[in-house]
Amino acid sequence: MTESVTTIPIEESSDIRLDPAEEQVLKDQVDVPKRKESYFALYRFATKLDWIIMFIGLVFTTFAGIAVPLMTTIFGVMVDNYTRFQTHTMGTDEFSGYVNHLALILLVVAIAIFVATYVAIATWVYTSERITRQIRERYFRAVLRQNIAYFDKYGSGEVTTRITSDMHFIQDGIGEKVSLSFQYVVQFISCFIIAIIISWKMTLVMSYLIFLLVSASGLLSKYGAIFSKRISNFNSRAGIIAEEAISTIRTAVAFGAQKKLSKLYDACLDDARKEGLKKALMTGCVLGIMFLGIYTAYSLAFWFGSIMIGNHELTSGQVTNVFFAILVGSINLTNFFTDVQALTLAIGASSKIFEAIDRIPSIDTASDTGDKPKDVVGHIQLKNINFVYPTRPNVKTLSDISLDVEPGSTIALVGSSGSGKSTIVSLILRFYDPISGDVILDGHEIKSLNLTWLRRQIGLVSQEPILFSTSIAENVSYGLIGSIYENLPDNEKREMIENACKMANAHEFILKLPDKYETMVGQRGILLSGGQKQRIAIARAIIKDPKILLLDEATSALDTHSEDIVQNALDKASKGRTTIVIAHRLSTIRNATKIIVMNEGIIVESGTHNDLMDKKGCYSKLVEAQEIQQALKDEETLNILNSFINPTKDKITTSFTTKINGDNQLAHTSSNKSLLSSRSIFIKKKSDVEMGLEHNKHNYTAWELFKKVAFINRPEMLLLSIGIITSAINGCMYPFFAIIFSHVVQAFTKTGETLHKEATFWALMFLVFAVMIFFANLIQNITLGISSENLTKRINSMSFASILRQDISFFDEENNSVGALASHLSLDVTHVKGLAGSTLGNILQVISTILASIVVSFIVEWRLTLVCLCCIPLLVGSGALRIKMLSGFQQKTKKAYENSAQIACEGADNIRTVAALTREDHLCEIYHNLLDEPMRQGFKNAYLASTIFAFANSVNVLVNSVTFWYGSRLFMANELDIGKMFTVYMAVMLGSTSAGRVFAHAPDMTKAKSASATIISLIERVPKIDTWRQDGEAVKTIKGHLKFSDVNFHYPTRPNVPVLQGLNLEVKPGQYAALVGPSGCGKSTTISLTERFYEVTSGTITIDEMDIDKMNVTNLREHIALVSQEPSLYNMTIKENIILGCLPGQDITQNDVEKACREANIHDFIVGLPDGYNTCVGGKGTQLSGGQKQRIAIARALIRNPKILLLDEATSALDSESEKVVQKALDAAARGRTTLAIAHRLSTIQHADVIFVIKDGKVHEQGTHQELLKLEGLYYTMVQRQHLGESNS
């Protein structure tokens, strides 16, 4: 069973009728109950301690909220005192005493605000870290808990997006923004209470404002969440495409598919952009209407207030108090609706996460229920099994299968690809449930057994072995999880690990590695060859001495020497245990107790090897197809044997040779080193991306980053300019508001008709101001919103394209994992988007407010302004310090979260291996530990950065205190009137408040700067092997003369480990050349270098006597096609996957696609599917069996009609019958082109024009099949090991 293989059987009928019970079985395996999350559900994992801390935080938030309305009352008293002094109804001493007293009260309020704000913010930042950690861990645990059908349907690619960007939204929505939002609500309520107490009439006149603001905020909240959820879903789809593309980078590069994959990615981004534009339009309109309503209310309030002053119902101070109470309350309400968007985003982001957390799968690894028998005999029975894959309900896979596997016996399953062999393995592991029938172990129906216990009795080796990104020793030790040996002392455990590796013939090659058993294998084992990975996987499976052993093509990636040794080891390991083997190489199962031959979901034959050979049925034909010429010293006997075998052999050999040469070699190289490269590339890429791209050592300044991002945003320069100008105008309007307000206060000192006339005029000015601010907010939010969405899409697109641009060595580096790069695409771009959109507008607005306020203040009264400005450095300094502190926290937290995100991605991506090893709890423990560091950084943020934020908030009150005190001195000296006094006061107050708002955006600015640096570094990184470059010689046609001259090579990530050591080989045009040799000898590396995935260390590689280093790399690859051992397909239709192999500008018709599929022996299977060529293959091709994926990969290679065909074990996943037909097709396809094939099944390459036996990085032997047999050297030994005799006993 392969890691990501869900077999689609070859079944023509799509009219399967299931009864309700059977339909329910399928539905239970894939159904996810939809749920609508409430905001309070985000706190479902909060502990009692969290609730206590949050409650304390809210108490202090309340105190901080009440302090601001208290200032409006003090302000009202100040206005009364100033008015009375100006109208000579208060003496100088009395006036001075009042002002000094009130200034002292303001100082006390400033201290109270500092303490209350610090506690309020620190507590909520602290608890948000704790709660988000709980959600992260539970989500990851829930993901690992899900059954395999869940991943077949929904894929694993979105896990990275959910656990990075969506968790970021959740943390933002339950952190300090909750405290700030609550504070705004408290201030709003307090302000209106004060206003009502002073004058219910005036408050009632303005009460419509509340309805307006609540309605507008409701619209913002509701539709904002809807649009945000849609955007999140589209971005998640884009994330899946990116994860697939990055994890299969070698395939993408080999076929020049980067642009095609980028277009798919861009299509999802474009859908997200459209939803973002709708959100920007809605936000602009609603906010514009809100501000129009607010300032219209002010106009009405001053007009009505002047009437009440004229009627002696209120004083000017009381009117001002009511006005300011409503002003502050309304502003806080609008601030609430701005910050509450973080809460709505959190709700939208949480829905999918909590759906996964709450889903209890029908096959539940987390359940403690079920029997756990003490003894296991290993008697397996399948009774009347009918099976349909839940994601393919119209295609039946197994039809009434019954099978009895006696304890200790070895049962082999053989048959064509898609016949249901791997499905049986999946059912025994209970990856799926059959729609009817029973799977029984030792008399127990496996549904009644504890699932984790069941899987721990089984050892599994898959066709595509998956290793985890850790050391070799650690990988092997994972086989001990849940066994009695799990907690052995380290020295005893190491002894078991080494013994298992010796049995699997892995010990010798491990000791040759620089770090031996501590060598890191890279993500998915990409730093090892396919054979090396397979041997480690075998060691992992047998180390715990399981009672049941499942081998799905366990030796498919091994060379003949290793296969012979490992097969003997597996034969020994099988003794005393029940073993089920799936094999295409029939030489590996001839000694099986019973051989089961399957076809189209039914058993057609069963018996021993000899019995089935005597029957001359299906099995006999399969064996005959794999017979290989045996070397005999008697020349005459050899000739007779050759004449007897040649007809069949020619078909197989030629066909396979072509296939191997063309597709398999490239693929295997791609698969092994490429995978290494591919996964490593991802790892490295992330490293570059995540760590500021260490390849680019330049540290960008904020100004450099701004210019570079602005350059990327240049298509929207007109919109951006309009938005920036409008933001500046919007900011400058607040000093204008100060001027209007001061004239209103001045008017309140008048009486009679003068009072009414002046108050009416300035009230109308407020109305004009309201209209202006409506248009300013409307234009600002819409233009910057559109610009931001387009920038986001463009940066995402450019980042992804740049990732695909990088050379393979980039991905080989350990830090550039798939999860890390996917995290970069989702999280970093989100941070830049925030700064480019609404946050940018807000920052520009407040900066213009500060500057305009200072200018107005200086013009009106320079002395008072200078005194007030002395306090501003405190505010600016505290804000700058906060930004610096947050920047440090951000970098450390980012790196820490990247490591944990990588583990999450790796676990979900390799869910079948994780499930088979029952490694769920172990992965959760690792993930838990990796979250410690980001949590520590978060706590530091809570304790330290909150101090600076609280100080910045309290400085505003100090400015007010100093302004009133010094202003009173100028006032008493008759150097200032009440109009000038309040113009300066309002301007300075608005300016200092705005400065505080700038630093409220400090986290966004810090994250945006860090993310921008990462993005720019990635976009500007130019790889050494650059597919974007147009230089280099481009050749329209080539003959295919391939030559390696004294080539030495080591992988960039392992400079001390030579791979090729003076390799010399020559393949003439049209020749079929085969590479054979032990695993790790450099065969796949040769393929990689032919594709120019890497630069050689020394020596030259030429095609038609032209050094490939001097050729245009894109042009070079257009003449080559690759088929890998582990084929990489994408989550699209079969037809789209095949067309991916087309050359640029190649005009492809449906007939061309079908022709390629016929040549690859896949056409009949495809047309038998319900949707034919439009059938989606699932993520990484999970809806297809290994053989089906391989044949589609072959069709993809053939459709471009290459001159050089690279085959890396191209038929390794095929059954004998399919291999024979495909080999014949590849043999025909090889005519007129150069083919280079890697093969372990020597039957497939015995008719090659030349065979190169590679050992220790150089050619050890070379010649034709017959010539090498006569040498009786290494090749002769390999042939003898693979001979299929009539009997082996």
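Predicted model, so just to flag it, every value in this text is computed and none were measured.
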Trainee: Atom CD1 of I170 and atom CG of D172: how far apart are they, to the nearest 0.5 Å?
Mentor: 11.0 Å

Trainee: Measure the CG-CE distance between L219 and M282 for me, rounded to the nearest 0.5 Å.
Mentor: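 So the CG of L219 and the CE of M282 are separated by 8.0 Å.
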
Trainee: Looking at NZ of K707 and CD1 of I1016, how far apart are the two atoms once the value is rounded to the nearest 0.5 Å?
Mentor: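 One gets 12.0 Å once the value is rounded to the nearest 0.5 Å.
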
Trainee: Checking the side chain of S721 only, and the main-chain atoms of M717 only, is there a donor and an acceptor separated by less than 3.5 Å?
Mentor: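 At least one qualifying donor-acceptor pair exists.
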
Trainee: Indicate the atoms forming the closest heavy-atom contact of E789 with A272, along with that distance.
Mentor: OE1-O, 4.2 Å

Trainee: Give me the one residue out of D1026, D1031, I1025 that meets side chain to side chain contact (heavy atoms under 4.5 Å, CB included) with V1113.
Mentor: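 Among the candidates, only I1025 passes.
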
Trainee: Give a yes or no on whether F736 atom CZ has more than 12 heavy-atom contacts from other residues, nucleotides or ligands under 6.0 Å away.
Mentor: yes

Trainee: Between L269 and R273, is there a side-chain heavy-atom distance shorter than 4.5 Å?
Mentor: no

Trainee: Below 4.0 angstrom, N of the basic side chain to O of the carboxylate: do K278 and E275 qualify?
Mentor: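 Looking at E275 together with K278, the answer is yes, because their closest N to O distance falls below 4.0 Å.
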
Trainee: So L264 and K260, do their side chains get closer than 4.5 Å, heavy atoms only?
Mentor: no

Trainee: Parallel, tilted or perpendicular: which fits the ring planes of F291 and Y295, with parallel below 30° and perpendicular above 60°?
Mentor: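 Rings of F291 and Y295: parallel, as their planes differ by under 30°.
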
Trainee: With a 3.5 Å distance limit and no angle check, can you tell me whether T1027 reaches the backbone of T1114 through a side-chain donor-acceptor pair?
Mentor: no

Trainee: Which value, rounded to the nearest 0.5 Å, describes the distance between I725 atom CD1 and L844 atom CG?
Mentor: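 Nearest 0.5 Å value for the CD1-CG distance: 11.0 Å.
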
Trainee: Taking all non-hydrogen atoms of both residues, which atom of A254 and which atom of F1093 are closest, and how far apart?
Mentor: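 A254 and F1093 have their closest heavy atoms at CB-CZ, 4.0 Å.
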
Trainee: What's the shortest heavy-atom distance between S848 and A728, and which atoms?
Mentor: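 Answer, listing the atom of S848 first, then A728: OG-O, 3.2 Å.
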
Trainee: With under 30° as parallel and over 60° as perpendicular, where do the rings of F737 and F769 fit, or are they tilted in between?
Mentor: tilted

Trainee: Verify the neighbour count for atom CZ of R1029: are there more than 12 heavy atoms of other residues, nucleotides or ligands below 6.0 Å?
Mentor: no

Trainee: I722 and side chain to side chain contact (heavy atoms under 4.5 Å, CB included): which partner among I779, I782, L784, I786?
Mentor: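 Of all the options given, the one that passes is I779.
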
Trainee: Side-chain contact, heavy-atom cut-off 4.5 Å: C1176 with N1131?
Mentor: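 Yes. Closest side-chain heavy atoms under 4.5 Å.
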
Trainee: Where is the tightest heavy-atom contact between R1196 and N1137, given as atom of each residue plus distance?
Mentor: CD-O, 3.3 Å

Trainee: Taking all non-hydrogen atoms of both residues into account, name the closest pair between Y1130 and A245 and its distance.
Mentor: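 The answer is CE2-CA, 4.0 Å.
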
Trainee: Closer than 3.5 angstrom, by distance alone: can the side chain of Q1146 be matched with the main-chain N or O of I1199 as a donor-acceptor pair?
Mentor: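 It does hold such a pair.
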
Trainee: Is any side-chain heavy atom of V771 closer than 4.5 Å to a side-chain heavy atom of F774?
Mentor: no

Trainee: Any chance you could measure I249, atom CD1, to S1128, atom OG, to the nearest 0.5 Å?
Mentor: 10.5 Å

Trainee: Start with the C-alpha distance between I1019 and I712, add both sets of side-chain angles, then the distance that settles side-chain contact (heavy atoms from CB on, under 4.5 Å), and finish with yes or no.
Mentor: CA-CA 11 Å; I1019 291 174; I712 295 173; 4.2 Å; yes

Trainee: Does the side-chain hydrogen bond (donor to acceptor under 3.5 Å, both in side chains) test come out yes or no for R1021 and Q806, once each step is laid out?
Mentor: CA-CA 8 Å; R1021 185 182 190 274; Q806 303 306 314; 2.3 Å; yes

Trainee: Testing the basics here: between S799 and I1015, what is the closest heavy-atom pair and its distance to 0.1 Å?
Mentor: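 For S799 versus I1015, the nearest heavy atoms are OG-CG2, 3.8 Å.
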
Trainee: Is any side-chain heavy atom of V1022 closer than 4.5 Å to one of R805?
Mentor: yes

Trainee: With no hydrogens and no angle check, is any side-chain donor or acceptor of S247 less than 3.5 Å from a backbone partner on E243?
Mentor: yes

Trainee: In a check of side chain to side chain contact (heavy atoms under 4.5 Å, CB included) between Q780 and each of I729, T726, I724, which one passes?
Mentor: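 Among I729, T726, I724, the one meeting side chain to side chain contact (heavy atoms under 4.5 Å, CB included) with Q780 is T726.
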
Trainee: For residues R794 and N713, determine if any side-chain heavy atom of one lies less than 4.5 Å from a side-chain heavy atom of the other.
Mentor: yes

Trainee: Has the side chain of T792 got a donor or acceptor atom that lies under 3.5 Å from a matching backbone atom of S788?
Mentor: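 Side chain of T792 to backbone of S788, a donor-acceptor pair under 3.5 Å: yes, one is there.
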
Trainee: Step by step, would you call I847 with L851 a side-chain contact (heavy atoms from CB on, under 4.5 Å)?
Mentor: CA-CA 6 Å; I847 290 175; L851 295 177; 4.1 Å; yes

Trainee: Just grab all the salt bridge (charged side-chain N to carboxylate O under 4.0 Å, His left out) pairs involving residues 1136-1148, residues at least two apart or on different chains.
Mentor: none

Trainee: Would you say E1118 and N1115 make side-chain contact, with heavy atoms under 4.5 Å?
Mentor: yes

Trainee: Is there a side-chain contact (heavy atoms from CB on, under 4.5 Å) between F800 and L804 once you walk through the steps?
Mentor: CA-CA 6 Å; F800 182 60; L804 297 185; 3.6 Å; yes

Trainee: Would you call D266 and K263 a salt bridge, taking side-chain N to carboxylate O under 4.0 Å as the test?
Mentor: no

Trainee: With the side chain counted from C-beta on, respond yes when L825 and Y265 share a heavy-atom pair under 4.5 Å apart, and no when they do not.
Mentor: yes

Trainee: Hey, is the main chain of I773 close enough, under 3.5 Å, to the side chain of N730 for a donor-acceptor pair?
Mentor: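 Not a single qualifying donor-acceptor pair exists.
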
